[in-house]
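These notes concern the structure reproduced below.
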Amino acid sequence: MIYPVKVYPYGALAALLVGTVTIAGCSKAADPAAVAPSPSASSASASPQTEEPYSFKWLKAQDISKPYDPSKDAVKQAIEKKLNIRIVPEMVDVQQYKTKLNLKMSSGDIPDVVRIDFADDFQKYAQQGAFFDLTNLINEKDTPNILKEVPKDVFEQAKVNGKIYGIPYQGGPGAGYRWNLVLRKDYMEGLGAQVPKTLDEYYNLLKKAKAEKPDVIPLGGYTAQIGQQKYANNSFDHIFGAFGVTPGYFTEKDGKFGNYDIDPKMREALLYLQKMYAEGLIDKEFATIKEEQLRAKLYSGKLFSWMGWWSTANDYDTQVETNELKKSGKLPADGKLADQSNQPFKYLTLTGSLVGAEGKAVAPAGAPFGQMHAISAKTKDPKKVLSIIEKALSPENQMLTVWGIEGEDYSIDNVKMSVVTDLIDPKTQQDKNGNFRGIQSYLFAPGLKGWPHYLESLPIRHSQALDVAINNRFQITDASNYLDSPTKIAKLVELNTLRDSVFTQIIMGADIKKFDEFAVKWKAQGGMQILNELEASFKKKAGK
């Protein structure tokens with residue numbers, strides 16, 4: 001797909017990853033509490049005491065359709081030995097994790113470390129006293145590794161009534177933007193052009209493309225479902241962003257909230273898009289066609305540029321190549337190409353945000369974290385559990401909890417990591433010694449930066465596309481993330497639908513006065529109430 005929904009609830013990114021890896025977490029640092037005390041003078045000759053492994057319960061999401069026995073998991077055993085712990089996993093099917101966890105929470109049988117996938121659930125349980133208060137324990141002295149993974153400002157967003165009850169987590173690639181501006185490289189080279197860096201350069205490139213290739217659409221887009229953030233998802237991200245706005249996002253400054261939908265700069269962006277549309281630079285069908293119809297135009301060579309979700313570029317490049325070979329009569333008899341994912345892109349070029357007149361831009365990233373990991377208030381030693389999380393988040397231990405055992409599950413050659421892909425029999429899920437290997441399966445509150453060496457673990461095309469997206473330097477997040485607003489829940493779809501209709505009309509030539517009328521309606525039909533509620537929630541979360 002090209003433009004999935006942008007603002008993610010807790011766990012949305014993890015859900016995207018669950019098809020390729022088992023959801024879990026990673027973790028880091030030295031554990032001063034786990035260091036055995038120095039022997040006294042009277043016992044100096046005695047053998048040093050060995051601390052007993054700390055045992056804790058873990059609700060483990062697992063694909064139960066595949067064979068697995070935790071007692072025979074070589075990676076789990078290595079983690080237990082390294083961290084001096086004994087994990088007591090209770091297996092639950094991935095699809096039933098939320099239901100099972102809610103049952104355990106309501107019964108009081110709470111696992112020692114809890115993964116919560118939804119903001120409302122986390123806030124509810126935290127206010128009920130289910131989680132241990134970590135507010136005074138998260139600091140530079142005691143938890144430096146945790147704070148390397150999760151900045152203090154993100155902990156502020158994650159607070160409930162001014163207190164820290166959990167450690168935010170995002171997913172394998174870490175938090176960040178997921179979109180790229182994609183252009184047909186062969187067309188651009190034929191025009192003698194370079195990859196644009198500014199909005200003006202891009203506009204001039206589209207004008208040139210239209211003049212020299214009149215049968216090719218300079219900029220493509222398609223409609224989302226009613227009420228979704230159509231333009232932010234993400235046909236015109238790069239245009240809006242160059243004006244310093246993005247549809248649907250709330251803003252905050254000094255505790256006061258606003259929304260880009262009614263920002264004066266949004267008015268300017270819409271006028272610019274209106275000009276582009278009138279000049280034939282935007283697909284005339286952008287407001288009516290669906291995703292599959294846009295793909296058909298792309299594959300047939302009728303599209304010059306578009307905004308693309310990072311993981312789609314590989315397939316699109318292969319499909320374009322397939323069509324080109326078909327036209328030239330060079331396509332293999334079976335109509336298929338070999339896997340192209342580890343080859344450089346042949347037909348596409350990917351780039352980041354275009355900057356506007358002031359040299360700035362906006363790239364609308366999703367929520368800064370997708371899940372929370374919390375320590376049960378009933379665990380026998382919450383501080384010890386936190387120290388285990390801290391220790392597991394050291395760089396060395398992260399490699400173990402994420403990628404497994406060096407030399408078996410992965411190798412590092414000249415600082416570059418390679419994942420061993422043929423270690424497990426796909427039928428038995430075991431290695432040649434009969435061991436299961438739960439890679440990315442026993443992770444404790446892994447943080448936001450993303451798994452170490454993640455990009456290296458991907459095929460070349462995926463790595464390049466994700467690298468361009470997540471390293472976009474103009475990323476912003478929605479200021480309303482993790483704040484309470486009943487009116488937002490009740491009214492936002494209605495407001496978004498109104499916006500989509502008005503913005504579409506303006507882009508297609510309607511009087512810009514419609515924007516001014518929309519701004520008034522937006523405020524009157526719930527928008528101002530949302531802003532007031534967000535401000536109140538912001539103050540409450542900060543403990544003010």
Side-chain angles (χ1 to χ4, degrees), residues 8-15 23-29 56-61 97-98 100-102 104-106 108-139 142-171 174-175 366-379 381-393 401 442-450 477 481-484 537 540-543:
Y8 302 103
Y10 281 23
L13 179 60
I23 296 178
C26 52
S27 315
K28 311 182 180 185
F56 66 90
K57 296 179 293 182
W58 174 265
L59 189 62
K60 185 180 187 320
Y97 178 84
K98 177 178 168 64
K100 181 70 172 181
L101 178 62
N102 286 341
K104 297 186 79 65
M105 297 295 292
S106 61
D109 181 22
I110 306 173
D112 292 291
V113 180
V114 183
R115 190 195 87 218
I116 306 292
D117 292 346
F118 297 92
D120 291 346
D121 288 344
F122 173 73
Q123 292 173 351
K124 176 182 69 176
Y125 292 135
Q127 293 180 71
Q128 292 174 355
F131 307 137
F132 189 74
D133 182 357
L134 303 173
T135 309
N136 297 323
L137 302 179
I138 303 291
N139 55 68
D142 299 318
T143 58
N145 291 322
I146 290 175
L147 287 176
K148 286 178 183 176
E149 291 293 322
V150 184
K152 291 180 180 179
D153 63 322
V154 176
F155 270 117
E156 286 296 319
Q157 293 184 58
K159 281 183 175 180
V160 176
N161 295 339
K163 295 183 178 181
I164 298 173
Y165 289 102
I167 301 173
Y169 170 49
Q170 179 58 283
F369 52 95
Q371 300 174 335
M372 294 292 290
H373 283 75
I375 297 173
S376 169
K378 294 187 176 182
T379 194
D381 191 345
K383 293 182 180 180
K384 178 63 178 178
V385 174
L386 182 64
S387 76
I388 291 170
I389 292 172
E390 167 69 12
K391 183 176 181 179
L393 280 171
T401 58
Y442 290 94
L443 307 170
F444 315 111
L448 299 183
K449 285 189 175 180
T477 57
N481 287 328
Y482 320 119
L483 296 178
D484 296 324
S537 178
K540 181 179 180 182
K541 185 179 284 289

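These numbers come from a predicted model, not from an experiment.
- Residues A130 and M105 come closest through the heavy atom pair CB-CE, 3.6 Å.
- Taking the six-membered ring where the residue is Trp, H373 and W58 present parallel rings, their angle staying beneath 30° rather than reaching 60°.
- Closest approach of G108 and K378 over heavy atoms only: O-NZ, 3.3 Å.
- Between D117 and K98, the closest side-chain pair of non-hydrogen atoms is not below 4.5 Å.
- Smallest separation of non-hydrogen atoms from L448 and P151: CD1-CD, 4.1 Å.
- Each of D381, I138, D142 was checked for a side-chain contact (heavy atoms from CB on, under 4.5 Å) with L386, and the lone residue meeting it is I138.
- Taking 4.5 Å as the limit, some side-chain heavy atom of P168 sits within range of a side-chain heavy atom of M372.
- A heavy-atom distance below 4.5 Å is found between the side chains of K159 and I164.
- Looking at Y165 and D133, their side chains come closer than 4.5 Å, going by heavy atoms from C-beta outward.
- Among residues two or more places apart in sequence or in another chain, the ring pair (Phe, Tyr, Trp, His ring centres under 6.0 Å) test is passed with F131 by F122.
- In this view, S106 satisfies the side chain to side chain contact (heavy atoms under 4.5 Å, CB included) rule with no residue, not counting sequence neighbours.
- Residues that satisfy the side-chain hydrogen bond (donor to acceptor under 3.5 Å, both in side chains) test with D484, not counting sequence neighbours, are absent from this structure.
- Side-chain atoms of K449 come within 3.5 Å of backbone atoms of K148 as a donor-acceptor pair (strictly under, hydrogens ignored).
- How far CZ of R115 is from CD1 of I167: 15.0 Å, rounded to the nearest 0.5 Å.
- For T477, the side chain to side chain contact (heavy atoms under 4.5 Å, CB included) partners two or more places apart in sequence, or in a different chain, are A365, P368, N481.
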Assess the residue pair E149 and Y169 against the criterion (side-chain contact (heavy atoms from CB on, under 4.5 Å)); give the C-alpha distance rounded to whole Å, side-chain angles, the decisive distance to 0.1 Å, and a yes or no. CA-CA 9 Å; E149 291 293 322; Y169 170 49; over 6 Å; no
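- A side-chain contact (heavy atoms from CB on, under 4.5 Å) with S376 holds for exactly one of V113, I110, V385; it is I110.
- A donor-acceptor contact shorter than 3.5 Å is absent between the side chain of Q170 and the backbone of P446.
- Within 6.0 Å of CG on D153 lie more than 12 heavy atoms contributed by other residues, nucleotides or ligands.
- The minimum heavy-atom distance between N139 and N136, with the atom names listed, is ND2-O, 3.6 Å.
- Applying the ring pair (Phe, Tyr, Trp, His ring centres under 6.0 Å) rule to Y97 yields no partners; only residues at least two apart in sequence or on another chain are considered.
- In this structure, K57 and D109 have side chains that are in contact, with non-hydrogen atoms separated by less than 4.5 Å.
- Not counting sequence neighbours, the partners of N102 by the side-chain hydrogen bond (donor to acceptor under 3.5 Å, both in side chains) test are Y125.
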May I have the step-by-step check of side-chain contact (heavy atoms from CB on, under 4.5 Å) for V154 and F369, ending in yes or no? CA-CA 8 Å; V154 176; F369 52 95; 3.5 Å; yes
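- K124 pairs by the side chain to side chain contact (heavy atoms under 4.5 Å, CB included) definition with D121, Q128, not counting sequence neighbours.
- Residues meeting the side chain to side chain contact (heavy atoms under 4.5 Å, CB included) test with K100, sequence neighbours left out: L59, E90, V92, K104.
- Here the straight-line distance linking atom CD of Q123 with atom CG of N161 works out to 9.0 Å at 0.5 Å rounding.
- In this structure, I389 and I375 have side chains that are in contact, with non-hydrogen atoms separated by less than 4.5 Å.
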